[in-house]
Amino acid sequence: MKDYSKLILEAKKAREKSYSPYSKYKVGAALLAKNGKIYAGTNIENAIYRGTHAEKFALDTAVFNSEREFEAIAIVSAGEDPARPCGQCLQDLTEFDIDGRGSLIVIVANLKGKIITFTLAELLPQRFGPKNLGIDVKKY
Ligand code: THU
Ligand code: ZN
């Protein structure tokens, strides 16, 4: 397995920028595009409880910067058991599951250095995605 320590460090740094006065649960994410660029994100909450998740922030930033193909995402949280991305974030990531195989590497880590690695397919085995609609997202 490739060394994703830089990606995890970027997610950890992003976590420190969290705005989460309601849950006080900080999450950081760092998404690695296939071209090597990293896009970070954190959770941003608000008083109507319709905040942004760290993974979605990172993904939206990357897509805004014309990225469509991704290798890995690291997510850092503080609990004993590192938080996995929620179902909605897994669905958001599925939008760019280019090969339809769920090969995106999803690394979850905590502040104590516990790291667990999955693939998108492991976390969301039966995915509804662009392929169901016959869409090749690379074209958009
Ligand atoms: N959170 C994320 O940033 N990503 C997830 O996928 C799970 C939850 C955030 C949302 C909220 O700000 C806090 O964690 C507690 O749910
Ligand atoms: Zn989420």
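Predicted model only: the values in this text are computed from it and were never measured. Atoms within a ligand are numbered from 1 in the order they appear, just like the ligands themselves. We count residues from 1, following the sequence as given.
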_Test salt bridge (Lys or Arg N to Asp or Glu O under 4.0 Å) applied to Lys56 and Asp60, step by step_ = CA-CA 6 Å; Lys56 175 71 165 143; Asp60 285 353; 3.1 Å; yes

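- Atom numbering of ligand 1 starts at 1 in the shown order; those under 4.0 Å from a heavy atom of Asn43 are 3 (O), 9 (C), 11 (C), 12 (O), 13 (C), 14 (O).
- The atoms of ligand 1 that sit less than 4.0 Å from any heavy atom of Cys86 are 5 (C), 6 (O).
- Sparse packing is recorded around NZ of Lys37, with 12 or fewer heavy atoms of other residues, nucleotides or ligands lying under 6.0 Å away.
- Contact atoms of ligand 1 toward Cys89: 6 (O) (distance under 4.0 Å to a heavy atom of the residue).
- No side-chain heavy atom of Asn43 sits under 4.5 Å from any side-chain heavy atom of Phe57.
- Distances from atom 15 (C) of ligand 1 to the heavy atoms of Ser20, Ser23, Ser18 show the closest one on Ser23.
- Looking only at its N/O/S atoms, His53 has ND1 as the one nearest to the Zn ion (ligand 2).
- Within a 6.0 Å sphere centred on CZ of Phe128, heavy atoms belonging to other residues, nucleotides or ligands number more than 12.
- Listed by number with element, the atoms of ligand 1 under 4.0 angstrom from any heavy atom of Val27 are 1 (N), 2 (C), 3 (O), 9 (C), 14 (O).
- Our summary of the site lists the angle at the Zn ion (ligand 2) between SG of Cys86 and SG of Cys89 as 120°, to the nearest 10 degrees.
- Nearest protein neighbour of atom 12 (O) of ligand 1, counting heavy atoms only, is Glu45 OE2, 2.5 Å.
- Asn65 and Thr61 form no side-chain donor-acceptor contact under 3.5 Å, judged by distance and modelled atom types alone.
- Ile116 is not connected to Val76 by any chain of hydrophobic side-chain contacts under 4.5 Å among Ile, Leu, Val, Met, Phe, Trp and Tyr, and they are in different clusters.
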*asked:* For a salt bridge (Lys or Arg N to Asp or Glu O under 4.0 Å) check, start with the C-alpha distance between Glu16 and Lys13, then their side-chain angles and the critical distance, and finish with the verdict.
replied: CA-CA 5 Å; Glu16 285 159 21; Lys13 284 197 284 186; over 6 Å; no

*Intermediate values then yes/no, salt bridge (Lys or Arg N to Asp or Glu O under 4.0 Å), Glu71 and Lys2*: CA-CA 11 Å; Glu71 177 180 326; Lys2 197 173 141 180; 2.8 Å; yes

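- Of the protein's non-hydrogen atoms, the one nearest atom 5 (C) of ligand 1 is His53 ND1, 3.4 Å.
- The protein atom (non-hydrogen) at minimum distance from atom 3 (O) of ligand 1 is Ala54 N, 3.0 Å.
- Residue contact check: Pro85 has heavy atoms under 4.0 Å from atoms 6 (O) of ligand 1.
- Polar contact with ligand 1: present for Glu55 (N/O pair, distance under 3.5 Å).
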